[in-house]
Structure formats: structure tokens, C-alpha cells
Asker: 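Can you keep this structure in mind? I'll have questions shortly.
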Amino acid sequence: MAGGETKVTLIGRIKQKLIAAKEKTARERRLQSAPMDAPVPGYNTRNRLPPGQRLVEKWPVLDLGVTPRLERADWRLTVDGLVEAPAAWSWDEVMALPQSDVRADIHCVTTWSLYDSLWRGIRTRDLIALVRPRPEARFVILRAYDGYTTNLPLARFAEDDALLAHSRNGAEIPLEHGAPLRVVVPSLYFWKSAKWVRRITFAAEDAPGYWEVRGYHNDADPWKEERYA
Ligand SMILES: Nc1nc2c(c(=O)[nH]1)N[C@H]1C(S)=C(S)[C@@H](COP(=O)(O)O)O[C@H]1N2
Ligand SMILES: [Mo]
């Protein structure tokens, strides 16, 4: 249908514009040292809200504009690279892994923070115990069903509160937020938390991901304001 095609192309162009705008922000912001928006007053900003963040109540959707929709039957999670026991788990196999609940806050580089998500899923600690990374493994590369990639040190991925989440606050994570399974690494800006995760690779060398090669900081610690490189 011609009308449908026109619409798809238009949406594609709008998305390209959004990505270009984020890249431009990354380029400009790394030249500035000024703080970002002032935090919302009345909250305990000292210990909980990282510098330059403001609190939001609703959970924004941020991605490349492609929402991969997979049947559970076609879905796989591959864990590979420098591990003793690589895996290619089906949905049922993942759901049979040990399940945990983790309460955590979200901090996005675009300056919004959202408190108190109760995530449910598989802690990365438990995944690591199953696949057993080799001593040379120092980085984790995440790949998603929309083509997105991101990278982080194994030490961060392995933190106590990091998990592969399928539910939040008692409900399945909505598709646009990464269903059926997304990574959640609360100690880093949220772009490190890959939605629709497809593959987890343990590596000796770092491999900067989608935003990391487009001006975002490689390390992404919100308490150090590691926003743009
Ligand atoms: N697969 C995938 N994961 C992704 C992204 C993406 O585009 N694709 N965007 C990242 C960015 S930049 C952010 S801020 C968060 C947003 O997650 P949310 O849409 O659930 O708020 O997802 C991260 N994970
Ligand atoms: Mo983001």
C-alpha cells in the first residue's frame, strides 16, 4: 500500500532526525562542564539522585525506533565468548533459571531518573555461575533484537543488583520497554541496560556499542556524571 510506505518512510526519517539530535547533544555536551537541569526540590537528592538528574514519575520510552516483536517460541538468549559453558536458552529454559526480585532506581543520561522499580528476573550473578566466564573475560558485550549493542565491564555486569528482567512492579515489562527480557544494570546510566536482549558475550577486549561510538561516555557512571566522552 503506497500510503503505508509513505508513512513508514516518514517515520524512518523522523527517527533518523532523533538519532542525529542525540548525537549532536553528545558532541555539544562533552564541550560543556556546566551542570544540567536542577533536581526537583523536596526529595532526598543528597544520597539518591545523582548530580544533574531530575526525578520523573512516568517511565519514558527511549530507543532507536525499532520495536522487535518476537514470539516466545522463536526467542533465544545466546551466552557466548570466553565462558566454560556457553548457552542458547529458549524462553522456557530462561524462566526455569533461579528468579530474583531487585528494587532499584533508573538514571538516564538524558537527565531523568525514576525511583523504585521492582524488577523480577535472573540475576547476572546467577547467570555467571552457570556459564562460568574464563579468567581472561573482563568485558560484557550486549546485543539486542533491534540491532542495538552496548558494552560494560564484567565487574559492573556482575554487580549484586544487575539482572535480566522480564517483569517490573508485578507485571510483564511492556514490549516497548524490552519484553520479553531486558538487561537492567542500575549502577550505570540506562543506555547500558539493553532492551530485547538477544546475546551476551564475555570478552577479553572492550567493544564500544551503539551510543559509545557516537559520543557517549564508555563508562556511564551516573555518580561521576560520565555522560559524554
Ligand atoms: N535494545 C535496545 N536497548 C536499549 C536502547 C535501544 O535503542 N535498543 N536504548 C537505550 C537507551 S539510550 C535508554 S535511555 C534505555 C531506555 O529504556 P526505556 O525505553 O525502557 O526507558 O534503553 C537502552 N536500551
Ligand atoms: Mo538513553
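Read the numbers this way: they start at 1 and go in the same order the structure lists the ligands and their atoms.
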Asker: Check the pair Lys195 / Asp146 against salt bridge (charged side-chain N to carboxylate O under 4.0 Å, His left out), numbers first and verdict last.
Answerer: CA-CA 9 Å; Lys195 309 199 273 192; Asp146 63 340; over 6 Å; no
Asker: Give me the residue, atom name and distance of the protein heavy atom closest to atom 18 (P) of ligand 1.
Answerer: His177 ND1, 3.4 Å
Asker: For atom 3 (N) of ligand 1, what's the nearest protein heavy atom and its distance?
Answerer: Lys195 N, 2.8 Å
Asker: So is Arg134 actually on top of Phe202's ring, under 6.0 Å and inside 45° of the axis?
Answerer: no
Asker: Relative to each other, are the rings of Phe190 and Trp119 parallel, tilted or perpendicular (30° and 60° limits)?
Answerer: tilted
Asker: Could you check which of Phe190, Trp211, Trp196 puts a non-hydrogen atom nearest to atom 15 (C) of ligand 1?
Answerer: Phe190
Asker: Polar-atom distance check: Leu64 versus ligand 1, any N or O pair below 3.5 Å?
Answerer: yes
Asker: Provide, to 0.1 Å, the distance between atom 9 (N) of ligand 1 and the closest protein heavy atom, together with that atom's residue and name.
Answerer: Leu62 O, 3.5 Å
Asker: Before signing off on this row, confirm whether Trp59 and ligand 1 have an N or O atom pair separated by under 3.5 Å.
Answerer: yes
Asker: Can you tell me which residue and heavy atom of the protein come closest to atom 21 (O) of ligand 1, and the distance to 0.1 Å?
Answerer: Pro60 O, 2.6 Å
Asker: Could you tell me the residue and atom name of the protein heavy atom closest to atom 22 (O) of ligand 1, and the distance to it rounded to 0.1 Å?
Answerer: Arg182 NH2, 3.6 Å
Asker: Between Trp112 and ligand 1, is there a nitrogen or oxygen pair with a distance under 3.5 Å?
Answerer: no
Asker: Flag Ala144 as yes when one of its N or O atoms lies below 3.5 Å from any N or O atom of ligand 1, and as no otherwise.
Answerer: no
Asker: Of all the non-hydrogen atoms in the protein, which one sits nearest to atom 8 (N) of ligand 1, and at what distance?
Answerer: Asp146 OD2, 2.7 Å
Asker: Start with the C-alpha distance between Thr201 and Arg143, add both sets of side-chain angles, then the distance that settles side-chain contact (heavy atoms from CB on, under 4.5 Å), and finish with yes or no.
Answerer: CA-CA 8 Å; Thr201 305; Arg143 294 183 180 84; 2.9 Å; yes
